[in-house]
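Below, all heavy atoms of this structure are taken into account, side chains as well, without hydrogens, waters or symmetry copies. In the text below, chain A, chain B and the rest are named by the order of the sequence lines, each starting its count at 1. A quick note: this is a predicted structure, and the numbers were derived from the prediction, not measured.
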Amino acid sequence: MPELPEVEATCQAIRPHIMKRKLTQVIVRQPKLRWAIPKALSEIKNTKIIDIQRRAKYILLTTSKGTIIIHLGMSGRLRVLKNNIPHQKHDHVDFIFNDGALMRYTDPRRFGSILFTTADPLRYPLLAKLGPEPFSESFNAKYLFEHTQRKNIAIKQLIMDQQVVAGVGNIYANEALFLAKLSPLRSSRLLMFDECQRLVEAIQEILKEAIRQGGTTLRDFLSPDGKPGYFVQKLFVYGRENKNCLGCHALLSIIQLGQRSTVFCKSCQK
DNA sequence: ATAATAACCTGAGGGC
DNA sequence: TGCCCTCAGGTTATTA
């Protein structure tokens, strides 16, 4: 899926097309996503989109009647198209606007979700316990250091925990650890304060650069305007197992860590 | 309470 | 071509 930068890119791309527009109809062809799409969403009509925000990997569409919460899962995608474009196999939901535009949710694996709440979306159970945004002031070395002390797990798994910091997924966890010269296997409790400082900075830098580039292109991520993201050209380790480390030329290792592929340089990352 | 693992799905790609 | 296997941007539920 889309990790934070891809979700951010999605928000930026759909914003000019749907901001302040009137949503006239929501067509749900396949309600079975990660959770069933609530019926209230299909009943929405003539609702203005007031704001488009991102929280962690969630997209929040604020409307005059409540908030639509969208998560793209592993393979989800949102695009804005002209109306009347025929739907294909995995085009599960269409959001139709009064100006003829159509925002289409496509998701082959259906790990994503589309939810709706009339209450504060940040209090919604799935969002309530999320950790700080990586660019917020509360995500800093002291904060991360405290979390490394609380649990004893591999540092990679710690930074992928959405309750520790929101938005870091498998690609950017690998990349950030390379940038910080830290082994993904390091026990969190053994991190020094200055290593936490480095890691915080690495996470921020890698995400910032990825956002600047418009996200990463892998199998099926295209930003909603149809352009691919370009970050893949800048990946140091992800997907480069058994290739040469771009720092020292040693062969990059690949291991499984918490069921996720983990690529790193045994020589550069300690 | 914490940590590992199973589960939810479909499609792509490799080996034979 | 086709079958079988493994793997893929995530996160929750279940088990130990």
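Salt-bridge check for E175(A) with K234(A): failed, with every basic side-chain N at 4.0 Å or more from each acidic carboxylate O. Remark: D107(A) does not engage R77(A) in a salt bridge, criterion side-chain N to carboxylate O under 4.0 Å. With respect to K22(A) and D99(A), no salt bridge is recorded, no charged nitrogen being found less than 4.0 Å from a carboxylate O.
Atoms OH (Y58(A)) and C1' (dG10(C)) sit 9 Å apart, rounded to a whole Å. The CG-C1' distance, from L257(A) to dG10(C), rounds to 16 Å in whole Å. As a whole-Å value, the separation of L33(A) CG from dT12(C) P is 15 Å. Rounded to whole Å, the distance from CG on D161(A) to P on dT11(C) is 10 Å. Atom P of nucleotide dT12(C) and atom CZ of F111(A) are separated by 13 Å, given to the nearest angstrom. The distance between atom CG of D91(A) and atom C1' of dG11(B), rounded to the nearest whole Å, is 15 Å. N242(A) places its CG atom 15 Å from the P atom of dG14(B), with the value rounded to the nearest Å. Rounded to whole angstrom, the span from the CG atom of N170(A) across to the P atom of dC7(C) amounts to 13 Å.
A sub-4.0 Å separation between OP1 or OP2 of dG10(C) and a side-chain N or O of K57(A) is present. Dashed line: the shortest gap from a side-chain N or O of S75(A) to OP1 or OP2 of dC9(B) is not under 4.0 Å. Put simply, R260(A) has a side-chain N or O that comes within less than 4.0 Å of OP1 or OP2 on dG10(C). Between dG11(B) and H90(A), a contact under 4.0 Å exists linking OP1 or OP2 to a side-chain N or O. Using a 4.0 Å cut-off, no side-chain N or O of R110(A) falls inside it from OP1 or OP2 of dC8(B). Under 4.0 angstrom from either OP1 or OP2 of dT11(C) there lies at least one side-chain N or O belonging to H71(A).
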Would you list the atom pairs, donor with acceptor, under 3.5 Å between side chains in residues 192-201 of chain A and any protein atom, with sequence neighbours excluded?
from	atom 1	to	atom 2	distance (Å)
E195(A)	OE1	R186(A)	NH2	2.6
E195(A)	OE1	M192(A)	N	2.9
E195(A)	OE2	R186(A)	NH1	3.4
E195(A)	OE2	R186(A)	NH2	3.3
Q197(A)	NE2	E201(A)	OE2	2.7
R198(A)	NE	A180(A)	O	3.1
R198(A)	NH2	A180(A)	O	2.7

Which pairs, protein N/O on one side and nucleotides 13-16 of chain C N/O on the other, fall under 3.5 Å?
none

For nucleotides 1-5 of chain B, tabulate all protein N/O to nucleotide N/O atom pairs closer than 3.5 Å, reporting atom names and distance.
from	atom 1	to	atom 2	distance (Å)
dA3(B)	OP1	N152(A)	N	3.3

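Between the side chains of H71(A) and R34(A), not a single donor N or O lies within less than 3.5 Å of an accepting N or O. Between the side chains of D91(A) and T106(A), at least one donor N or O lies within less than 3.5 Å of an accepting N or O. No side-chain N or O of T148(A) forms a donor-acceptor pair with one of R189(A) less than 3.5 Å apart. For the 3.5 Å distance criterion, the side chains of S253(A) and E241(A) fail to qualify, holding no donor opposite an acceptor. For the residue pair T63(A) / K48(A), no side-chain donor-acceptor distance below 3.5 Å is found, with atom types taken as modelled.
dT5(B) and dC7(C) are spaced 15 Å apart, taking the P atom of each and rounding to whole Å. Using atom P as the reference point in both dT14(C) and dC9(B), the two lie 14 Å apart (nearest Å). Atom P of dA6(B) sits at a distance of 14 Å from the matching atom of dT6(C), rounded to the whole Å.
Residue S113(A) is classed as having no contact, given no heavy-atom separation below 4.0 Å to the nucleic acid. Counting non-hydrogen atoms under 4.0 angstrom, K129(A) reaches nothing in the nucleic acid.
Aromatic ring pairs are classed by plane angle as parallel below 30°, tilted from 30° to 60° and perpendicular above 60°; the pair H147(A) and Y143(A) is tilted.
K20(A) has its side chain out of reach of I49(A): every pair of non-hydrogen atoms, C-beta onward, lies at least 4.5 Å apart. Between P184(A) and Q269(A) the shortest side-chain heavy-atom distance falls below 4.5 Å.
With a 3.5 Å limit on both pairing distances and Watson-Crick or G-U wobble geometry required, the stems of 3 or more pairs in DNA chain C span B:2-8 with C:10-16, B:10-16 with C:2-8.
Between V168(A) and K57(A), the shortest heavy-atom contact is O-NZ, 3.7 Å.
For residues 118-128 of chain A, proximity to DNA chain C is found at L126(A), defined as any non-hydrogen atom under 4.0 angstrom from a strand atom.
With sequence neighbours excluded, the residues forming a salt bridge (charged side-chain N to carboxylate O under 4.0 Å, His left out) with E146(A) are K142(A), listed by chain and number.
Residue Q256(A) qualifies as enclosed at atom CD: its count of foreign heavy atoms under 6.0 Å is above 12.
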